A.B. asks: 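Take a look at this one; I'll ask things after.
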There are 2 protein chains.
Amino acid sequence: MALSKTEEQLMQHLWKLERAFMKDLLEAFPEPKPATTTVATLLKRMSDKGYVGFKKYGSVREYYPLVKKEAYFSKHLSGLIKGYFDNSPAQFASFFTKETDLSPQELEELKAIIEGEIKSKKK
Amino acid sequence: MALSKTEEQLMQHLWKLERAFMKDLLEAFPEPKPATTTVATLLKRMSDKGYVGFKKYGSVREYYPLVKKEAYFSKHLSGLIKGYFDNSPAQFASFFTKETDLSPQELEELKAIIEGEIKSKKK
DNA sequence: GAAAGTGTTCTACAAATGTAGAAGTAAATT
DNA sequence: AATTTACTTCTACATTTGTAGAACACTTTC
C-alpha cells in the first residue's frame, strides 16, 4: 500500500535522519509542529504498511525506514512516466530537460553523465 | 486544491481525449469500468476544484480540461524534486538517467537535446 | 520515591476519497 | 406517444487520512 501525502513527509524526515526517536522527528517538523500523538499515529500506520521499523529501548522506540528512498522514489517516478508520458522515459527526459531551469553548468554535468551512460551501455 | 489519485486518472483520459462526453470517458476505462455515477461524481468534484469545464448540449455535457497536462505535471515534478532531491534538479536528473533504462538511442537523443539546451542558454 | 518529562496505546472524530443506488430529465427510437 | 437510452443530480456510505485528547508506562531528577 502507498503512503499518503502526510506520511510521505514524515518519511522524508526519517530518510534524512536514518534512525530517529520521536523527539528527533518532532524537531524535524517546522512550526507549527504536529502533536506527538499525531506523529505516533502516522508512524503506527506506516509501520503497519511496512515502511517503517523500530527498535525498542524500554518503552521508547528508535524508528528507521524499511524501504530505501531511491526505491520508493523510482516506483513513484515510473508511475508518473507511465501516466503522463505514455511510458516513454525518453519523452519524459526531454520534457524535463526543457522545462526545468538548469544552469549551463548543470547541463554540462548532465551531459557528462549521459555520455558516461552511453559508454557503459556500449561496452 | 490537488486532485486525488482516482481523479488524476480520469484527468489523464480527459487530457488524451481533449473533449469528451460521458460515454467517451467510460470507454476510456479498462474493465471493470466504474459506474456512470462514479465518474459523474468525480467530474463534479474536479469541476468544483477548477480542473474541468464543460459545455452543455441539452442536459448532456461535453467535458474538457481547464489545466494543461504540462502545467499540472510540472508542478508535480517540482514537488517531487523538492522533496526527494533537496530541490536540486541536477541531482534528480542524474538519478533519473542512471536509474531509468534508456536505450542507447534514447540516450543519444537526450544528449542531443541537452546540447541544444546548452547552446540556447549560451547565445 | 514523588514529580516531571517522554513516549506509547487507545479512542475519537471530521474531512476527503472511492463507489454507487434511486430517481429524475432530455433525446432517440420504435 | 410510449419506451429506451444516456445522462445528471441527490443522497449515502464505507475507507482512508489528518489530527489529537486521555490515560497509562518508563526514565530521569530533585
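Here is the naming used below: chain letters follow the sequence lines, and residue numbers restart at 1 for every chain. Just so you know, these numbers come straight off a predicted model, no measurement behind them.
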A.B. asks: Without decimals, in angstroms, what is the distance between Lys44(A) NZ and dT8(C) C1'?
C.D. replies: 11 Å
A.B. asks: According to side chain to side chain contact (heavy atoms under 4.5 Å, CB included), who are the partners of Lys56(A), at least two apart in sequence or on a separate chain?
C.D. replies: Phe54(A), Arg61(A)
A.B. asks: Does anything in residues 28-53 of chain B form a side-chain hydrogen bond (donor to acceptor under 3.5 Å, both in side chains)? List the pairs, not counting sequence neighbours.
C.D. replies: Glu7(B)-Lys49(B), Lys44(B)-Asp48(B)
A.B. asks: For the pair Ser94(A) (side chain) and Ala90(A) (backbone), establish whether a donor and an acceptor sit closer than 3.5 Å, ignoring hydrogens and angles.
C.D. replies: no
A.B. asks: Go through the structure and list residues passing side-chain hydrogen bond (donor to acceptor under 3.5 Å, both in side chains) with Glu117(B), not counting sequence neighbours.
C.D. replies: none
A.B. asks: Reckon Ser59(B) touches a base, only the sugar-phosphate, or nothing at all at heavy-atom distances under 4.0 Å?
C.D. replies: sugar-phosphate
A.B. asks: Want to settle it: does Ala40(A) or Tyr57(B) sit nearer the 5' end of DNA chain C, counting the closest nucleotide to each?
C.D. replies: Ala40(A)
A.B. asks: Leu14(B) and Tyr64(B): which non-hydrogen atoms are nearest, and at how many Å?
C.D. replies: CD2-C, 3.9 Å
A.B. asks: Tell me whether the OP1 or OP2 atom of dT8(C) has a side-chain N or O from Tyr63(A) closer than 4.0 Å.
C.D. replies: yes
A.B. asks: Using the ring-ring contact (aromatic ring centres under 6.0 Å, His included) rule, collect all pairs that involve residues 24-44 of chain A, keeping only residues at least two apart or in two chains.
C.D. replies: His13(A)-Phe29(A)
A.B. asks: So, the side chain of Thr100(A) versus the backbone of Thr97(A): is there a donor-acceptor pair under 3.5 Å, distance only?
C.D. replies: no
A.B. asks: Can you list the residues that meet the side chain to side chain contact (heavy atoms under 4.5 Å, CB included) rule with Lys68(B), with sequence neighbours excluded?
C.D. replies: Glu70(B), Ala71(B)
A.B. asks: Under 3.5 Å, side chain of Glu106(A) to main-chain N/O of Ser103(A), donor-acceptor pair present?
C.D. replies: yes
A.B. asks: Compute the angle between the rotation axes at the two ends of the helix from dG1(C)-dC30(D) to dT30(C)-dA1(D), each taken over five pairs, rounded to 10 degrees.
C.D. replies: 0°
A.B. asks: Within the 4.0 Å heavy-atom criterion, would you say Ala35(A) contacts the bases, only the backbone, or no part of the nucleic acid?
C.D. replies: sugar-phosphate
A.B. asks: May I have the distance from Phe54(A) (atom CZ) to dG7(C) (atom P), rounded to whole angstrom?
C.D. replies: 15 Å
A.B. asks: Just wondering, do Tyr72(B) and Leu3(B) contact through their side chains at under 4.5 Å, heavy atoms?
C.D. replies: yes
A.B. asks: The criterion is side chain to side chain contact (heavy atoms under 4.5 Å, CB included); which residues satisfy it with Ala40(B), sequence neighbours excluded?
C.D. replies: Met22(B)
A.B. asks: The criterion is side-chain hydrogen bond (donor to acceptor under 3.5 Å, both in side chains); which residues satisfy it with Lys55(A), sequence neighbours excluded?
C.D. replies: Tyr57(A)
A.B. asks: Under 4.0 Å from a heavy atom of chain A: give me the 5'-most and 3'-most nucleotides of DNA chain D that qualify.
C.D. replies: dT17(D) to dT27(D)
A.B. asks: Can you list, in residue-number order, the parts of residues 15-30 of chain A that come under 4.0 Å of DNA chain D, counting heavy atoms only?
C.D. replies: none
A.B. asks: Enumerate all atom pairs, one protein N or O and one N or O from nucleotides 12-17 of chain C, separated by less than 3.5 Å.
C.D. replies:
from: dT17(C); atom 1: OP2; to: Lys49(B); atom 2: NZ; distance (Å): 3.3

A.B. asks: Can you check the Leu43(B) CG to dG18(C) P distance for me, whole Å?
C.D. replies: 14 Å
A.B. asks: List in chain and number order the residues that pass side chain to side chain contact (heavy atoms under 4.5 Å, CB included) with Leu80(A), two or more places apart in sequence or in another chain; answer none if no residue qualifies.
C.D. replies: Tyr84(A), Phe73(B), His76(B), Leu80(B)
